[in-house]
Structure formats: C-alpha cells, structure tokens
Amino acid sequence: MRHVVHSGMSTGMTTNGFLLTEDKLGRAHRPGHGAHSDLNRWPEPVAGNPKSLRTLRNKIDMVARRGLWFYVAAVLCPETLDEVIPLAEHCFDLGVPIFFSVVHERGRLQPGPFNERYLQKLHWLRQKKREGKPISNPYYLIRYFERALAGRPMRWTCRGGNKAFYVSPEGNFQYCYHVAPLRPFAQVTAQDIRNSRGRKGCEDGCGVDCMIRTSLPFSNRAWVIGHEMAERARRLGSRLG
Ligand code: SF4
C-alpha cells in the first residue's frame, strides 16, 4: 500500500474487520489509504461464517471514530434480509457510507423466491438515498439490480479488461474473477486492453457489481447521466418540499 501511495495513486483494503485493532489502524491510516469492511452475509454469526453485525459493530464503531475513509459493504442475500435496515441505520447514525450488492453465484444473479424481498430492500435504499443518507450505490446501479430482479434486464456492455480488470493470485489477467484468464498479466499489451471493449456474452444476469458500476457509465452513458440527473432533481425537490 505504501508503494502505491508513493507512486501517486490511492489504494484501499477490503477487510472483514476481525483482526483490526486500534494499533493496526493507527499504522495503516495514512493519506491515500482507505478501507471498506466487507460484511457479506453478516446478520448473525453462523458456523463457518462468523461475520455479523453483532460481532463487528465495535469494529465499525472503532474505524468510524478514526475518521478513516471507510465504507461498509453488505450483500443482500436470504440470510441478511431481516438485518439490512438495522445495519443501514447503524451506519447512518455514525455517518458511515454503506454499499449494497445483491448476492450472486459465480457472477450470476440467482432468480428465485427472494427476488421480491430484495426489490423491497432496494426500493427502501433508493428512498433513503433520496433523503440524503450515505448510501454509496449510484442510483443507476440500484436501477440495474431492480430491473434484473424484475425480469427486465438492461442491455449493456461489460468493460472488464478495459476499464477495470482482475489479476488472479496466479498472476493472470481476467475480465473479472468469474471468467477464465485471458493471459498472464505480465504479457498484457495495450492492444489487449483496447480489444477488451466489446461485449463478453455473459452480461445478461451478471451480478458483479464492481464491474457493472464501472461499465455502465461507458456503455450506457446517456441513460446513466439521465437517470442520475432525474434522481438528483427528485432529491432536491423533496428537500425543498
Ligand atoms: S459480464 Fe463481465 S463482470 Fe459479468 S461475468 Fe461477464 S466478464 Fe464478468
């Protein structure tokens, strides 16, 4: 992280927070460093997956007290549905941004009996964002998930490999974590990056939020701008009464 910051870029760290201490935070907290706490499937600790709001609340509070740039990432899934609102409200009280994604399996959203409840939570989040609560999801990403869950998916072009990419622990260059490697990262050329602009063929049903968020402003620019402007106008209107 120091090397990246000294190179003039910014960096961040994803952590489940369990091993964070005041001392470690003090050493990690430098300008240009950020973090997000990944509370994937967090409501109650369960065997094999002890992440939970209950166990991590103190850690969230500890990081928030530091003033570290920080957000909480949570995944809407069957196990978290009942805890979404308490978690979000806890973060609102602290002024900590929260980001939500929808559970996927190997990059694919899973149509099923929970879709209606996911949609209800997304509507709630959209409303809270309109009220000015610190929700990091752009409106267009919320809309992407709403449409996909309602069976009206958007047509878009994934810009994986072009605007963002994944490097595997083995050093391979991939469009995202969920697809096969293209080639060793060390051999990637500028032409490879340019060639990665086109459709990948797996966009329908994709749930890889980071890549969707990165791609839509390029592949659906007019729609994204229009949607964000309309939502901001609504938010302003509701504030002015
Ligand atoms: S559309 Fe892009 S992000 Fe989604 S699974 Fe395919 S390559 Fe990965």
Side-chain angles (χ1 to χ4, degrees), residues 1-7 9-43 45-46 48-77 79-80 83-84 87-88 90-91 94-109 125 134-138 141-142 145 158-161 163-179 181 185 206-215:
M1 291 176 80
R2 277 196 197 108
H3 177 77
V4 172
V5 172
H6 287 158
S7 303
M9 295 178 279
S10 61
T11 183
M13 176 175 64
T14 301
T15 173
N16 62 23
F18 283 111
L19 299 180
L20 275 182
T21 61
E22 293 280 4
D23 180 52
K24 281 183 182 154
L25 267 182
R27 282 187 278 138
H29 186 185
R30 300 277 188 278
H33 292 181
H36 82 263
S37 179
D38 173 9
L39 300 185
N40 186 348
R41 299 172 193 263
W42 35 261
V46 294
N49 190 355
K51 292 183 203 178
S52 75
L53 177 59
R54 190 148 61 88
T55 53
L56 291 176
R57 185 186 290 260
N58 289 344
K59 303 291 183 174
I60 294 173
D61 296 353
M62 184 174 79
V63 181
R65 278 198 302 274
R66 285 263 169 182
L68 181 66
W69 183 84
F70 167 68
Y71 72 93
V72 171
V75 178
L76 285 174
C77 61
E79 298 91 329
T80 62
E83 300 291 331
V84 166
L87 173 68
H90 184 69
C91 289
L94 294 170
V96 170
I98 185 161
F99 176 87
F100 283 94
S101 56
V102 178
V103 68
H104 59 78
E105 188 67 34
R106 296 183 188 168
R108 308 282 90 202
L109 291 170
L125 291 166
I135 293 171
S136 296
N137 302 60
L141 185 61
I142 299 174
F145 283 124
C158 173
R159 298 294 289 264
K163 294 297 179 190
F165 54 81
Y166 174 75
V167 180
S168 72
E170 296 77 28
N172 287 318
F173 176 79
Q174 298 178 205
Y175 295 149
C176 78
Y177 175 77
H178 304 281
V179 297
F185 184 52
C206 176
V208 185
D209 55 276
C210 57
M211 208 56 81
I212 300 162
R213 180 170 44 168
T214 303
S215 300

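When reading the values below, keep in mind they use all heavy atoms of this one structure, side chains included, and skip hydrogens, waters and symmetry mates.
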To the nearest 0.5 Å, what is the distance between [atom1] on [X] and [atom2] on [Y]?
X	Y	atom1	atom2	result
Asn137	Phe145	CG	CZ	8.0 Å
Met9	His3	CE	NE2	6.5 Å
Ile98	Ser136	CD1	OG	8.5 Å
Thr21	Lys59	OG1	NZ	7.0 Å

Among residues at least two apart in sequence or on other chains, which ones pass side-chain contact (heavy atoms from CB on, under 4.5 Å) with [X]?
X	result
Val96	Ala64, Phe70, Val72, Cys91, Leu94
Ser168	Tyr166, Glu170, Asn172, Gln174
Pro134	Phe92, Pro97
Leu125	Phe100, Leu122, Ile135

Worksheet item: Of all residues at least two apart in sequence or in a different chain, which pass the salt bridge (charged side-chain N to carboxylate O under 4.0 Å, His left out) check with Arg65?
Response: Glu22
Which atom pair, heavy atoms only, marks the closest approach of [X] to [Y]?
X	Y	value
Cys206	Ile212	O-CD1, 3.6 Å
Val4	Ser10	CG1-O, 3.8 Å
His104	Gly207	CD2-O, 3.0 Å
Met211	Ala164	SD-CB, 3.7 Å

Discussion item. Tell me if a side-chain donor or acceptor on Ser215 pairs with a main-chain N or O of Arg159 at a distance below 3.5 Å.
Written reply: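 Yes; at least one donor-acceptor contact below 3.5 Å.
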Item to complete: Could you tell me whether the side chain of Thr11 and the main chain of Met1 form a donor-acceptor pair under 3.5 Å?
Response: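 Checked: no pair found.
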Find out whether [X] and [Y] are in side-chain contact, i.e. whether some heavy atom of one side chain is under 4.5 Å from a heavy atom of the other.
X	Y	value
Phe99	Asp209	yes
Thr80	Val75	no
His90	Asp61	yes

Discussion item. Using the ring pair (Phe, Tyr, Trp, His ring centres under 6.0 Å) criterion, which residues pair with Phe173? Sequence neighbours excluded.
Written reply: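 Expected list: Phe165.
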